[in-house]
Amino acid sequence: MISVLEQRASQIHQDGNSPFAMDCEKHSVAGSVSQRACVFCGSRVVLYPVADALHLIHGPVGCAAYTWDIRGALSSGPQLHRMSFSTDLREKDVIYGGEPKLYQALVQLIDHYRPKAAFVYSTCIVGVIGDDVAAICRRVEAEKGLSVLPVHSEGFKGTKKDGYQAACTALFQLVGTGATDDISPLSLNILGDFNIAGETWLIRNYYERMGIQVVATITGDGRVDDIRRAHGAALNVVQCSGSMTHLARMMEDKYGIPSLRVSYFGLEDMSRALYEVADHFGDGQVQQRAEELVRDEVAAILPDLRRYKKVLSGKRAAIYTGGAFKAFSLVRSLRTLGMKTVLAGSQTGNREDYRLLRELCDEDTILVDDTNPLELAKFVQEKEVDLLIGGVKERPIAYKLGIGFCDHNHERKIGLAGFEGLRQFAREVHSTVMSPVWRLVPRRRRQLAASQANSLSTENLRPSCAGECSACDLPHCNIPAGQEILL
Amino acid sequence: MTLLRHTQGGEITERQALTINPAKTCQPIGAMYAALGIHRCLPHSHGSQGCCSYHRSTLSRHYKEPVMAATSSFTEGSSVFGGQSNLLQAIENIFTIYQPDVIAVHTTCLSETIGDDIPQIAEKASEKGLIPEGKRVIHASTPSYVGAAPTGFANMTAGMVKYFSQSTSPNKVAGRVNVIPGWVEPADMREIKRIVAAMGLESIVFPDTSDVLDCPQTGVHEMFPKGGVTVEQLRAAGDSAATIALGPVCSGPAAVELTNKCGVPHATLPLPIGLEATDRFILELRKHNGGIVPQEITDERGRLIDLITDMHQYFYNKTAALWGDPDQLVSLSELLLTVDILPKYVVTGTPGKKFLRQMGDVLQDRKSEVQVRQGTGADLFLMHQWIKNEKVDLLIGNTYGKYISRDEGIPLVRHGFPILDRVGHQFFPTVGYRGAIRLLEQILEALMQLQDVECSEERFELTM
């Protein structure tokens, strides 16, 4: 076992034989090179996709600069959310208070853009200098006649998860303020999908094909007016449970709307989501349409999946996600492709998440909570993985180690949700795991040289294709059979 | 569909309380970048976890490298009782597990406002035996509501002098100069070292991120790559014959500090981007090597001039819009004027008194044709409005200009920080004569590519 920070030992589960008792939901150890972010970050990523709202960040410029259009949350209409608005607090504002600036900025922006609503994000400094953001919001709301919602997202007030909660609290102020008369009893809200690479559009299309009305998408391709009438929907379907469970719970308490926790990643989870939704309504026609949809969609991608699986079988993957729920789906999807998950972890998973993950993974899979690059690199090397799935800070680490990488976070440009998403996921994994460039990496070359010394069969000379290249017609597998690779 | 159709031209309203699409970011990221240029140093962000995460992500997106930094992970409690216990714990943990030689602490808006005294906390850490023998904790004060990223870089660089540099003798080491390169790419720092060596001088370049953020692929993830200025070099900087500060904003304060503390005379020059600015750098170096300019350098200069003459007809009457850091903008503007392109709009969010005067010196009799804006309201929204009202031929700046580029159909030459959407820029210097060659090649390529794509078929030609 590798050495880890002592205080972190309980947040790692390495040994399949030892009893499972993993710690999580702890605050990061000071001094750790944590991959985590802050409360503000959590609120910002959740609310940002509401495209016709104004998003004003109250604080020094940095918080606005770093979150300017970083997440590819697509909008089919307005693009207002992709601008960066900041009160850009300076030293004198910190001394005398930022309220006048906030008021002035809000008024100026609302007059200019006439947004449907405004979110005002508090950053660390606002919490310390004591600006009454809520009061300014109320004042502007009264003067301008539109909802101006404070988001209590001071960075130090907890973790990213607390930011999700603050975002849900802000959203909940909108819910229940719109008309619901034309909403069908067969209706739902999509919660916790952010329309990265158009995923919300795909999922919405599935539900609509099943004959279900989608009232609001929260927040992917989100619109203020849809959120206002979201309480008229018969069901909340919640993905990325970490970010939206709080909203679903509040809507259940106040409006009696039940919710289903789903995942749209992978064959099993996607199908199960549609079936569970259909079963919830208990409508024979909807159930039949769901079955047809799943059958058609699966049939459409199976031939490709089989081809990818043939090549990817036996490859080893490590997963490090933001929320743990995503990790479940990834483990299953990798299994669909014949791959083994040797390390799984998340920034914000809870005990129940890790217990589930433990069940889902193999005996010897390492589980980590809130890891750091040093640990990650060591585990990844020790376990000889072929693929790391993670976010922006993990990508260069994977490449430095000479292994493939797949972004499952904000920066991906390819939809990975839905049935089509699984095909694209397989393609993504294939494109990087089987890339010929890894043959150039010294560590891999040494491994190859070692395996060559053990066996001179041509199979071992092929790091990427395991001798099956001639059987497949995929882009990277064009090494003629029998050709040796220069080591 | 026009992206960012939320921007209109017409009458431009003054904004005192609002920044839209900033042409700057906050101090701490500059401090983090500078600290990465010390050998075996772990930058440490004394504030909430998000700050550190954002800085690391942005640096990673730009340099395509792992960026290591730790954080004090402030909680609600720290914001009330102060961050001392967090920092003490952090120092202990960092030296135990990551084992750097130096921890470079920079502050954030939060820790500055609650009034944490970093030197006092570091002193306490030392008393408690948390700092192992031979290891150091240094710091820079970088509240996010003062200055901007370049001043954060400057503060941390000055901190290196404050903490490390020493004058051990009144006789300075002849033939050895300190060069403070400013916030430029690792490749630029490498090029500056090459130029100084070609001039026959020994150099101490600090900070130096080459071989830290442009590392070769070795199949290993190094927590502390081989590059970076060593503590020993930083100490010895106090005995060098002179300091050349490249860029007054980023490098000036450290050079002044060296003069005051160790009596090392300094010269502050513009960043050596472009012909004239590089000439000044070479002339300054010449003062220390007996007045020689080797043929190698003379030839590089000659090739640059040759290139400029080859290109000049295509630059005639062209206009450009520039945004970014003051030190970069001054030198870029000068380069553009040299080749007959007018830097029509220039915007920086970074405050600082010298910038407008320097721009005035560069623009001289063309001032009236140019709009320059700095500080409050100087952002990319304003830039976009200006361009809507009167177009330019070329954009030069960081990735954030791509919205304007797309909306207005104006080619963008990516330069500065951050570049989030391209790979490879980190390997090409833009300083020195060779850097200027690269930059001009990119500029002409952008203009000619647009012409080839947009011209009518009958105007489409094989030759230039």
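Per chain, numbering begins at 1; letters A, B, ... match sequence-line order.
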- For the candidates A:Ser84, A:Pro60, A:Cys38, A:Gly62, which exhibits the highest count of non-hydrogen atom pairs separated by less than 4.5 Å from chain B? A:Ser84
- Item | Selection from B:Met68, B:Glu112, B:His55, B:Arg56 maximising heavy-atom pairs under 4.5 Å formed with chain A | B:Arg56
- In terms of heavy-atom proximity below 4.5 Å to chain A, should B:Ser72 be classed as side chain, backbone, both, or neither? backbone
- Item | B:Phe381, part contacting chain A, at a heavy-atom distance under 4.5 Å | side chain
- Under 4.5 Å from a heavy atom of chain B, the part of A:Leu89 involved: backbone
- On a heavy-atom basis, the closest approach of A:Val61 and B:Pro22 is CG2-CB, 3.7 Å
- For chain A, find which of B:Cys52, B:Gly50, B:Gly47 contributes the most heavy-atom pairs closer than 4.5 angstrom. B:Gly50
- Message: Quick check: closest heavy atoms across B:Pro66 and A:Ile397, and the distance to 0.1 Å?
- Response: CB-CG1, 3.8 Å
- Under 4.5 Å from any heavy atom of chain A - which part of B:Cys215: both
- Task: Flag the one option from A:Lys393, A:Arg395, A:Glu394, A:His112 with the top tally of heavy-atom pairs under 4.5 Å to chain B.
- Result: A:Lys393
- Turns out that what part of A:Ile403 lies under 4.5 Å from chain B's heavy atoms comes down to neither
- Task: Enter the distance from A:Ile129:CD1 to B:Ile114:CD1 here, rounded to the nearest 0.5 Å.
- Result: 14.0 Å
- Item | Side chains of A:Tyr66 and B:Thr25, donor plus acceptor under 3.5 Å | yes
- Message: Given heavy-atom pairs under 4.5 angstrom as the criterion, report whether the side chain, backbone, both or neither of A:Leu106 touches chain B.
- Response: neither
- Ring geometry between B:Tyr54 and A:Phe40 (parallel below 30°, tilted from 30 to 60°, perpendicular above 60°): perpendicular
- Interatomic spacing from CH2 in A:Trp68 to OG1 in B:Thr399 - rounded to 0.5 Å: 10.0 Å
- Task: Please determine, among A:Cys41, A:Ala377, A:Cys63, the option with the most heavy-atom pairs under 4.5 Å with chain B.
- Result: A:Cys41
- Query: So do B:Leu18 and A:Gln104 actually touch side chain to side chain, heavy atoms under 4.5 Å?
  - Reply: no
- Message: Strictly distance-based, threshold 3.5 Å: is any side-chain N or O of B:Asn93 a donor or acceptor partner for the main-chain N or O of A:Ser32?
- Response: no
- Check whether any side-chain heavy atom of A:Leu374 sits under 4.5 Å from a side-chain heavy atom of B:Tyr98, and report yes or no. yes
- Query: What part of B:His221 is in contact with chain A, defined as an atom under 4.5 angstrom from a non-hydrogen atom: side chain, backbone, both or neither?
  - Reply: both
- Query: Given B:Tyr403 and A:Met83, is the side-chain contact (heavy atoms from CB on, under 4.5 Å) satisfied, shown in steps?
  - Reply: CA-CA 10 Å; B:Tyr403 304 105; A:Met83 310 268 285; over 6 Å; no
- Note on the structure: Answer key: most heavy-atom pairs under 4.5 Å with chain A among B:Met223, B:Arg61, B:Gln16 is B:Arg61
- Query: Which region of B:Leu380, side chain (C-beta onward) or backbone (N, CA, C, O), has a non-hydrogen atom less than 4.5 Å from a non-hydrogen atom of chain A, or is it both or neither?
  - Reply: side chain
- Query: What's the shortest heavy-atom distance between A:Ala65 and B:Tyr400, and which atoms?
  - Reply: O-OH, 3.3 Å
- chain B contact via A:Thr123 - side chain, backbone, both or neither, heavy atoms under 4.5 Å: neither
- With a 4.5 Å limit on heavy-atom distance, are the side chains of B:Thr376 and A:Asp88 in contact? no
- Bottom line for B:Ser48: the part with an atom under 4.5 Å from chain A's heavy atoms is side chain
- Query: Measuring heavy-atom distances to chain A, does B:Gln27 have an atom under 4.5 Å in its side chain, in its backbone, in both, or in neither?
  - Reply: neither
- Message: Looking only at heavy atoms and a cut-off of under 4.5 Å, which of B:Ala148, B:Ser79, B:Cys51 has the most pairs with chain A?
- Response: B:Ser79
- Query: Is A:Lys116 atom NZ crowded by more than 12 heavy atoms from other residues, nucleotides or ligands, each under 6.0 Å away?
  - Reply: no
- Task: Quick one: closest heavy-atom pair of B:Glu14 and A:Gln108, and the distance?
- Result: O-NE2, 3.1 Å
- Query: So, A:Arg90 side chain and B:Gly147 main chain: donor-acceptor pair closer than 3.5 Å or not?
  - Reply: yes
- Gap separating the CG atom of A:Asp69 from the CG atom of B:Asn21, nearest 0.5 angstrom: 9.0 Å
- Task: Check each atom of B:Pro143 against the heavy atoms of chain A and say whether the ones under 4.5 Å are side chain, backbone, both or neither.
- Result: neither
- With a 4.5 angstrom heavy-atom cut-off, could you sort out which part of B:Ser53 is near chain A: side chain, backbone, both or neither? both
- Donor-acceptor under 3.5 Å (B:Gln89 side chain, A:Gly31 main chain): no
- Would a 4.5 Å heavy-atom cut-off, applied to side chains only, mark A:Lys400 and B:Glu222 as touching? no
- Message: I'd like to verify something: which residue of A:Ala105, A:Ser86, A:Gly391, A:Gly155 has the highest number of heavy-atom pairs under 4.5 Å with chain B?
- Response: A:Ser86
- Query: Are there more than 12 heavy atoms of other residues, nucleotides or ligands under 6.0 Å from atom NZ of B:Lys135?
  - Reply: yes
- A:Tyr113 portion near chain B, given a 4.5 angstrom heavy-atom threshold: side chain
- Message: Counting heavy-atom pairs under 4.5 Å with chain A, which one of B:Ser60, B:Ala70, B:Pro351 comes out on top?
- Response: B:Ala70
- Contact winner vs chain A - B:Asn86, B:Thr71, B:Leu420, heavy-atom pairs under 4.5 Å: B:Thr71
- Heavy-atom distances under 4.5 Å only: say whether A:Tyr103 touches chain B with side chain, backbone, both or neither. neither
- Item | Among A:Gly402, A:Cys124, A:Gly127, residue most engaged with chain B (heavy-atom pairs, under 4.5 Å) | A:Cys124
